[in-house]
Protein chains: 2
Amino acid sequence: MSKVNRERPYARALTKLRDAGLRPTRQRLTLAKLLFDGLDRHVTAEILHEEASARNNSVSLATVYNTLHQFTDVGLLREVVVDSGRTYFDTNTTDHYHFFHEEDGRLEDVPLGDVEIASLPAAPEGKAYSRVAVVIHVKDAD
Amino acid sequence: MSKVNRERPYARALTKLRDAGLRPTRQRLTLAKLLFDGLDRHVTAEILHEEASARNNSVSLATVYNTLHQFTDVGLLREVVVDSGRTYFDTNTTDHYHFFHEEDGRLEDVPLGDVEIASLPAAPEGKAYSRVAVVIHVKDAD
DNA sequence: GTGTTTGCAAAGTGTTTGCAATTTA
DNA sequence: TAAATTGCAAACACTTTGCAAACAC
């Protein structure tokens, strides 16, 4: 049973990489295992870099950046902009929104169905919608 | 008549600063005149710095940054996050949303009434809403 | 073996800060 | 003249890049 628990994340990561056409290198596997653990995650390059180091699977920060962008390019991740000066990557690539916790800079998913947008303005002349980003800023209640 | 046209922006800028309790220095007046020209503007520090220089009213970039933050602190401006790595400041401090033009990084106001949000999720336990940011990304239509 | 990937260190952006000189009230 | 403000240059945080060494197939 311990064998199964150890191997499932590895198999999942391997499949993700193979399907995306990315060589399953040690570094990519390390990061993929950290990212695609089954839960929706929101990470910065620095956090992911630290997590890899903490597991004795160090990946250089430059490679973490490069890998996050590669994963984004092939659709495994999505970039989220909530903070100028820090880039967040989201493992949930489906349409959805976010809570942004102002106190600690944490992001939390809000399912698409939890926000009902009844009307939107027409797109400007010659323009088409690309996507609608909704960030609900929350802070500690009094 | 030319006199009136030249002086009105100056008077408006002066009033803005006085009301905010900021000393009307040459630099603040220059930036206030550029910002509060009656239209809603979305600027970065670099753009504003260039505009001041172009009018032979140079303000050092450090002062532009400091001034934008001071204006924000006293409520004359609002910060908008749409792009990690670049801070935009908005002269429209009322509640409203934005179009973000993906091609050129330009921001455009969307009046509050043009977006109707019929429902929102409950704020997480112990949290309260701070504000809801809506950014409608648009791109050139085919 | 050959092309891909990695890691380092250097460079690049956008932004902030310490402090002496200047300006404002 | 006392306190606030400015501008410079240096420091900063985050990110990207060039290139030689290491790796995957």
Side-chain angles (χ1 to χ4, degrees), chain A residues 10 13-34 42-53 55-74 76-77 79-89 104-105 107, chain B residues 10 13-34 42-53 56-74 76-77 79-89 105 107:
Chain A
Y10 176 83
L14 194 59
T15 302
K16 286 260 188 188
L17 294 180
R18 286 249 166 82
D19 290 355
L22 294 171
R23 280 193 186 178
T25 63
R26 176 184 71 75
Q27 290 84 342
R28 285 181 184 146
L29 281 166
T30 294
L31 301 181
K33 278 194 279 185
L34 289 169
H42 305 90
V43 303
T44 61
E46 200 186 353
I47 286 173
L48 199 56
H49 177 247
E50 281 165 10
E51 289 184 359
S53 299
R55 298 208 185 180
N56 293 318
N57 265 307
S58 288
V59 176
S60 81
L61 190 54
T63 296
V64 172
Y65 274 108
N66 291 334
T67 303
L68 285 171
H69 285 131
Q70 287 162 356
F71 284 7
T72 302
D73 290 344
V74 300
L76 292 176
L77 293 176
E79 230 177 291
V80 186
V81 177
V82 279
D83 182 6
S84 58
R86 227 185 188 75
T87 305
Y88 284 79
F89 293 87
D104 55 9
L107 272 180
Chain B
Y10 176 82
L14 193 59
T15 302
K16 285 260 187 189
L17 294 180
R18 287 251 165 82
D19 290 354
L22 293 171
R23 282 190 183 179
T25 63
R26 175 184 70 75
Q27 290 85 341
R28 284 182 184 146
L29 281 166
T30 295
L31 301 182
K33 277 192 280 185
L34 289 170
H42 303 91
V43 303
T44 62
E46 200 185 354
I47 287 173
L48 198 57
H49 177 248
E50 282 166 11
E51 289 184 359
S53 299
N56 294 320
N57 265 307
S58 287
V59 177
S60 81
L61 190 54
T63 296
V64 172
Y65 274 108
N66 290 334
T67 303
L68 285 171
H69 285 130
Q70 287 161 357
F71 284 8
T72 301
D73 290 344
V74 300
L76 292 176
L77 293 177
E79 228 176 293
V80 186
V81 177
V82 280
D83 182 6
S84 59
R86 229 186 187 75
T87 305
Y88 284 79
F89 293 86
L107 272 181

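As a basis for the values below, the full set of heavy atoms in this structure was taken, side chains included, without hydrogen atoms, waters or symmetry mates. Just so it is clear: chains get the letters A, B, ... in the order the sequence lines come, proteins before strands, and each one is counted from 1.
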Gln27(B) or Leu61(A), whichever maps to the more 5' nucleotide of DNA chain D: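 Taking each residue's closest nucleotide, the earlier one in sequence belongs to Gln27(B).
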Is the distance from OP1 or OP2 of [N] to the nearest side-chain N or O of [X] less than 4.0 Å?
X: Arg23(A); N: dT4(C); answer: no
X: Arg28(A); N: dT4(C); answer: no
X: Ser60(A); N: dG7(C); answer: yes
X: His69(A); N: dT16(D); answer: yes
X: Tyr65(B); N: dT16(C); answer: no

Counterpart residues, salt bridge (charged side-chain N to carboxylate O under 4.0 Å, His left out), relative to Glu50(B) (two or more places apart):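 Once residues adjacent in sequence are excluded, Glu50(B) has no partner under the salt bridge (charged side-chain N to carboxylate O under 4.0 Å, His left out) criterion.
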Sugar-phosphate only, base, or nothing, as touched by Thr25(B) at under 4.0 Å among non-hydrogen atoms: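 Sugar-phosphate only.
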Sugar-phosphate only, base, or nothing, as touched by Thr87(A) at under 4.0 Å among non-hydrogen atoms: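 Sugar-phosphate contact only - Thr87(A) comes under 4.0 Å of backbone atoms but never of a base.
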Terminal axis angle for the helix from dG1(C)-dC25(D) to dA25(C)-dT1(D), five pairs an end, nearest 10 degrees: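 So the angle between the two local helix axes works out to 30°.
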Centroid-centroid under 6.0 Å between His49(B) and Tyr65(B) rings: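 Not close enough - the centres of the two rings lie 6.0 Å or further apart.
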Any donor-acceptor pair under 3.5 Å from Arg28(B) side chain to Thr67(B) backbone: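 Looks like no, no N/O pair under 3.5 Å.
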